[in-house]
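Below is one structure, written out as structure tokens; the observations come after it.
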Amino acid sequence: MEEKQLDHKNDYVLDLDSFWDPKLIVQNLIEQTKDDKPWKEVQYTDKKKAYIVEKRRLQGAFSEKLELPDFPFDHQFLNVYITSEYPQSQLEIAEDKEEISLLNSACFVDEQEWQLCDFVTMRKKPTRKDFSQRKRVTFPGLSAGCCAVRRWKFFVWNMVLVMGFISSTSIATFAVDNNLTQNRLQLSITLMLTTVAFRIVTNQGLPKISYNTILDVYLLFSMLFTYTVCIWHAVISLFSSQSYQDDLDLYVFIVMVTVFGLFQIGFVIYVIIKVFFRNRIIKESLQQYEEHAMKVFGESWKHQRNNQKNALRKRKQRGRATRPAEDELDDENDDEFINTFLISQKERRV
């Protein structure tokens, strides 16, 4: 926050609380385990312009609405929303273009399920509150966040592949003679109950949401496919002509195999397209972050960053998941931060 009263003054200012306070609030903080009292300090630019910098250290739980239609091939932007008690007509919160926000990705504790992208996104997000039908106030806002990509291999190997094997086995029931309706039904009902039991078990590891994800669609199709095969084995016994039964059974078998194969191919293509667009969004965000960082630190920043990543990767492969010494935080920060955003921001009075 620029403070013109302190411009061109190098004297130490004892009471910074006497100056104008932007009254910043972390909007999506739902549970606060530790909050150090905010402190302020004065920083001067090369032109002796004074800025009062407010710093605070937060530790707690933050709320974020997850978008899960693409589960388990999804990515999530985890944000911290900063706003103020002042309306937008009196205060503007904007990213400091002369500083870079950093992410301490080495302290990420959920690495087995998520891959944390090493960049920070910043964007303005004003909020509007309706106090009455005539009075609507817009408050300034800034979201600072990171991107986490879900590791999908567990769900593919343990859910998609297993359910695909179970549902495809129902096609083998056509090998039983169509005169033995009871044997066909016995096998089909057993497979259908197996898919139901497997679905109940997998529900324990799926998000509890009101809409279907990609994984839900695949599991439901597998159950529906097994159910349709079971119904057909019951219907075919209603035809009296043996030759007619044989012809219909062959046609239905071809249709079932075709539908099952086309769905598997369509599912794979759909996932590939989704992952492609997801990676493109992440790549664009990473490129914007790196361009901003190189403007602040210079061209050597990217080279040093790659060297640190390679060193960290080698340490993890050796079973010593420690960061390089030049990238470590002090012990106090390590104890108090788990997934920390170091956010540089600047407020301007309007």
Side-chain angles (χ1 to χ4, degrees), residues 28 59 61-80 100-123 143-161 202 204-209 213-216 218 267-268 270-293 301-324 326-329 333-334 337-343:
N28 60 332
Q59 181 176 340
F62 300 83
S63 64
E64 179 66 37
K65 183 179 179 181
L66 302 182
E67 300 294 337
L68 298 171
D70 298 334
F71 177 89
F73 308 98
D74 58 318
H75 68 288
Q76 305 294 336
F77 283 97
L78 310 176
N79 299 293
V80 174
I100 186 70
S101 298
L102 303 177
L103 176 65
N104 185 15
S105 58
C107 293
F108 189 57
V109 296
D110 206 5
E111 198 175 76
Q112 296 297 324
E113 186 176 353
W114 296 89
Q115 178 184 357
L116 189 65
C117 301
D118 194 9
F119 63 85
V120 178
T121 60
M122 306 281 288
R123 71 177 189 273
S143 68
C146 65
C147 179
V149 180
R150 193 185 304 273
R151 301 183 185 273
W152 49 266
K153 291 184 179 180
F154 170 83
F155 300 96
V156 171
W157 296 122
N158 295 278
M159 296 184 185
V160 174
L161 194 63
T202 56
Q204 300 175 4
L206 300 180
K208 306 300 187 294
I209 51 179
T213 65
I214 294 178
L215 184 58
D216 290 325
Y218 186 89
F267 179 80
V268 172
Y270 181 81
V271 169
I272 292 175
I273 294 174
K274 282 291 183 180
V275 172
F276 172 77
F277 283 105
R278 180 199 70 185
N279 293 340
R280 191 172 72 173
I281 293 173
I282 296 174
K283 186 177 180 180
E284 291 176 353
S285 300
L286 178 60
Q287 185 178 0
Q288 293 175 0
Y289 178 78
E290 290 180 345
E291 290 176 354
H292 183 198
W301 172 84
K302 190 173 183 179
H303 178 70
Q304 294 176 358
R305 188 187 191 206
N306 292 334
N307 291 339
Q308 291 176 359
K309 286 183 178 180
N310 293 332
L312 178 60
R313 190 180 298 110
K314 291 180 181 179
R315 288 172 181 263
K316 287 184 177 180
Q317 290 175 354
R318 297 171 186 167
R320 297 177 299 170
T322 58
R323 289 172 296 169
E326 63 270 19
D327 191 43
E328 290 183 352
L329 297 176
N333 289 345
D334 283 338
F337 287 90
I338 294 178
N339 187 10
T340 308
F341 297 104
L342 303 179
I343 302 167

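Checked against ring-ring contact (aromatic ring centres under 6.0 Å, His included), Trp152 has the following partners two or more places apart in sequence or in another chain: Phe73. Not counting sequence neighbours, the partners of Ile209 by the side chain to side chain contact (heavy atoms under 4.5 Å, CB included) test are Leu68, Pro207, Tyr211, Thr213. Glu113 is linked by a side chain to side chain contact (heavy atoms under 4.5 Å, CB included) to Asp110, Arg150, counting only residues two or more places apart in sequence or in another chain. In this view, Asp70 satisfies the side-chain hydrogen bond (donor to acceptor under 3.5 Å, both in side chains) rule with no residue, not counting sequence neighbours. With sequence neighbours excluded, the residues satisfying side chain to side chain contact (heavy atoms under 4.5 Å, CB included) with His292 are Glu95, Ile100, Val296. Listed by chain and number, the residues in a side chain to side chain contact (heavy atoms under 4.5 Å, CB included) with Ile272 are Val268 (sequence neighbours excluded). Residues forming a ring-ring contact (aromatic ring centres under 6.0 Å, His included) with Phe267 (at least two apart in sequence, or on another chain): Tyr218.
Although no hydrogens or angles enter the test, the distance criterion places a donor-acceptor pair under 3.5 Å between the side chain of Gln76 and the main chain of Glu67. The closest donor-acceptor contact from the side chain of Asn79 to the backbone of Ser143 lies at 3.5 Å or more, if one exists at all. Side-chain N or O atoms of Lys208 include one that pairs as donor or acceptor with a backbone N or O of Leu206 at under 3.5 Å.
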*Take Leu103 and Phe119, measure what side-chain contact (heavy atoms from CB on, under 4.5 Å) needs, and give me the verdict at the end.*
CA-CA 7 Å; Leu103 176 65; Phe119 63 85; over 6 Å; no
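Contact annotation: the side chain of Val149 never approaches that of Val275 to less than 4.5 Å [non-hydrogen atoms, C-beta and beyond]. The shortest side-chain heavy-atom distance between Pro72 and Phe154 does not fall under the 4.5 Å cut-off. Contact of the Tyr270 side chain with the Ile214 side chain is registered, since non-hydrogen atoms from C-beta on lie closer than 4.5 Å. For the pair Cys146/Leu116, a side-chain contact is recorded, criterion being any heavy-atom separation below 4.5 Å from C-beta on.
Between atom CD1 of residue Ile273 and atom CZ of residue Arg278 there is a gap of 14.0 Å, rounded to the nearest 0.5 Å. Considering CD of Glu284 and CG of Leu286, their distance stands at 11.0 Å, rounded to 0.5 Å.
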